[in-house]
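Here is the structure we will look at, set down as structure tokens.
One-based numbering, in listed order, for ligands and for the atoms of each. We count residues from 1, following the sequence as given.
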Amino acid sequence: MSIELIKELSDAFGPSGFEDEVCEIVKRELKDFKNLEEDTLRNIRCELKQNSGKYTVMLDSHLDEVGLMVQAIKPNGTMNFVTLGGWSKISLPGSKFNLKNTDGKLIESIVAIKPPHFMSSKEKEADISISDMVLDCGALDDKELKDYYKLKIASPGVPASKCKYDEVKQRFLGKAFDCRIGVATQIEVMKRLKDKELNIDVVSAFSSQEELGARGIQNNVEKINPKLAICFEGAPSDDTFMESYMVQAALNKGPMLRHIDATMITNPRFLKYTIDLANKLNIPIQEGVRSGGGTDAKFIHIKDIPTIVIGIPVRYIHSSYGFVTLHDYKAAVDLAIALCENLTEEIIDTF
Ligand SMILES: [Zn+2]
């Protein structure tokens, strides 16, 4: 059940600003929850029916994924593009993308660069930029691109990756685990809290446009005005790049709790409470000190709302493919459930 949902969320088309398909999945899964609503930014909010005016804990994950958008059409039928979210430009050439056309159909296109045969030796050595790349769906000219493929400027795109699950190793390979693995975690947490009596109220926020600077969350915070927040994220896994002593988000070692990233110093009291709780309950976690990165928490914690980020390690985040494990997903669910079951207004007051 969770496995199929994770695959469906990974495959869903949802670059920043075009989260509609992901929204439909979330609304279908959480249709029985109280006050389920969607706003024009494509944020979704809902809450537990047993909420009764106690301190509100907000759960958050973001619906969007990194993608591309057609900027201009060339007479030869190829397309210039801009990125939606942070891509490493060297990961783009050779990748296949699905562009959504005016009929809502997905058109496979590749990110192409000039073949080596036509490059001067200087060009072969040069640092390639996005303006040297084009999207190409095979159209022979601009007329065919517009009339037959129905692509135009502003057509959005995401990697044309289909999620696969390895049942033996319990690992997923697919796109958009930042943040669809977080969305899947949050859906599962809501379902498991559905009939629980808690000492706090729980409200769910699913936010749009995180990859463009955490835009959707700002309306969610204003609308929900919580006392405390738990963000679920896909966290960049570092276990294939770093010296072992520097690895803080290895695959299959549990979610990573960050003490700091480029946008937040995590409330040390809330973080310590969470780490102690995880240790007490034998829920695997990893701790991180990050010099880069940022999340929706950026706009939550500055509103006097202690916030932690439960980051599920994803190898090769912000590219066309990534790996994530069922083990880390399950540990993230367990940790969030444990927090919701153990937190009280008195504990929150100590943060
Ligand atoms: Zn993210």
Least distance between heavy atoms, Cys179 atom then Phe232 atom: SG-O, 3.2 Å
Electrostatic pair Lys253:Asp328 at N-O distance under 4.0 angstrom: no
Geometric cation-pi criterion Lys100 and Phe13, 6.0 Å radius, 45° cone: yes
Ion pair check, Asp132 and Lys114, cut-off under 4.0 Å: no
2.8 Å cut-off (strict), protein N, O or S atoms about the Zn ion (ligand 1): 4
Shortest non-hydrogen contact from Cys231 toward Ile300: SG-CD1, 3.6 Å
Salt bridge (charged side-chain N to carboxylate O under 4.0 Å, His left out) contacts in which one or both residues fall within residues 153-174, not counting sequence neighbours: Asp11-Lys162
